[in-house]
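Taking it in order: structure first as structure tokens, then the write-up.
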Protein chains: 2
Amino acid sequence: MIDVKTLCLGVLSRGDASGYEIRKEFEEGPLSHFSDAGFGSIYPALKRLLDDGQIVMLPHNGDGRPDKKLYRITPSGRHALYQSLIKTPSADKLRSDLMFILSFGHLLPPRHLDRIIGDRISDYRQMIATLEVEGSTAHRTPGERFVEGMGLAIYRAVAGYLEEHRHELVAAALMESQVA
Amino acid sequence: MIDVKTLCLGVLSRGDASGYEIRKEFEEGPLSHFSDAGFGSIYPALKRLLDDGQIVMLPHNGDGRPDKKLYRITPSGRHALYQSLIKTPSADKLRSDLMFILSFGHLLPPRHLDRIIGDRISDYRQMIATLEVEGSTAHRTPGERFVEGMGLAIYRAVAGYLEEHRHELVAAALMESQVA
DNA sequence: GTATGCATGTAATTAGTTACATGATTCT
DNA sequence: AGAATCATGTAACTAATTACATGCATAC
């Protein structure tokens, strides 16, 4: 799996940014759907990239605020990023607590079951709505559009499946609860 | 996120199993699509569960082979599992190196790009074919069927999207390579 | 005889998360 | 006045991965 250092290089390859701005990318941008990184991993990663000469820090851009540190990728950093990009990508990984829970769904209290599925459907519908607006406004590179489209396709598939099959599982849970 | 201990309890709640068998579940069973655990995390987890009294070891079942250790969940273990199941599940997490790479897709050599997308499509089509066979043969609880169906729905969405949009990204990469 | 599958486990390393610690600015 | 956002970073902890280490049974 690609590490946080490489993730940061990826963001910086599109333009200078601070640690804070990098994190925002992973929270809001197209990368957010398939990657993840918090402050606790970004700041140490930036420090290591700095030590390795793959990024440089820009001496304070005097925009009033003094504390902000802007980072810029170096040729060495671009090279490292490219090496990561042409490596055979590892398999996609999907971690879902909800799916683990639902694999025992028929043993759960039916109301509870129905609620957690409903909540998740709402979450996904919300994300889909946000993405649909963004997709038409924000300007993206072809790669970003592709990735964002994939996110949208997956979210729709998940929301759709949950909606279509929700009642089956709740019905099984109801039967189970009547037996017990 | 649900930890490996809980994952093991989940498997053991369906029947006694050895560490080796538990891992197989995460590699082949319906849980495999949304969870992950290797030997290096399962064995330590089993040890801790044993210390905590949430599982017991069954003294060798004399099936010829002596080394196999079967584990059985205890009432305390079932209770712990149930507590985990009724907790509000954390958000689904999707990690994909491929998507990170493709977000820079237009900057990659077009042939390489086309190949990695094509390879991934094959991988998914293979998984889909396997699941379609299993779905009709293996017998599953309602929860397992639900989860397996979700896996199938997602894989189809991903494979479908990659197939439909592959050429767009490759075309963008071709244009980019001609400019440069 | 060779590879694969069954079977267990430890040690060292790496990575990542969470909590802590601080403070300015901007919006309501 | 208070909340949210901007902004950086460290320390302690937890977890997971990888490599190592071993050995039998079965299938080809």
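Chain letters run A, B, ... following the sequence lines, proteins first, then strands; residues in each count from 1.
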Taking the side chain of [X] as heavy atoms from C-beta outward, which of [options] is closest to it?
X	options	value
Tyr43(A)	dG9(C), dT8(D), dT17(C)	dT8(D)
Pro44(B)	dT10(C), dT8(C), dA16(D)	dT10(C)
Glu21(A)	dA7(D), dT10(D), dT8(C)	dA7(D)
Lys47(B)	dC6(C), dT10(C), dT17(C)	dT10(C)
Ser41(A)	dT17(C), dT8(C), dT10(D)	dT17(C)

Base, sugar-phosphate alone, or nothing: which one does [X] contact when heavy atoms must sit under 4.0 Å apart?
X	result
Tyr71(A)	sugar-phosphate
Gly19(B)	sugar-phosphate
Arg48(A)	sugar-phosphate

How long is the line joining [atom1] of [X] and [atom2] of [N], in whole Å?
X	N	atom1	atom2	value
Lys68(A)	dT5(D)	NZ	C1'	12 Å
Glu27(A)	dA7(D)	CD	C1'	14 Å
Asp3(A)	dT14(C)	CG	C1'	10 Å
Leu50(B)	dT8(C)	CG	C1'	14 Å
Leu70(A)	dT8(D)	CG	C1'	13 Å
Asp16(B)	dA7(C)	CG	P	14 Å
Ile42(B)	dT18(D)	CD1	C1'	15 Å
Leu46(B)	dT8(C)	CG	P	9 Å

At under 4.0 Å, does any side-chain N or O of [X] touch on OP1 or OP2 of [N]?
X	N	result
Ser18(A)	dT8(D)	yes
Lys5(B)	dA15(D)	no
Tyr20(A)	dC6(D)	yes

Lys24(B) or Met57(B), whichever maps to the more 5' nucleotide of DNA chain C: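 Mapping each residue to its closest nucleotide by heavy atoms, the 5'-most match is Lys24(B).
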N-O pairing of [X] and [Y] below 4.0 Å:
X	Y	value
Arg115(A)	Asp119(A)	yes
Asp52(B)	Lys5(B)	yes
Arg166(B)	Asp114(B)	yes

Can you confirm whether more than 12 heavy atoms, excluding those of Arg14(B), are under 6.0 Å from its CZ atom?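 Correct, the count exceeds 12.
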Donor-acceptor pair, Thr74(B) side chain versus Gly53(B) backbone, under 3.5 Å?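 Such a contact is found between Thr74(B) side chain and Gly53(B) backbone.
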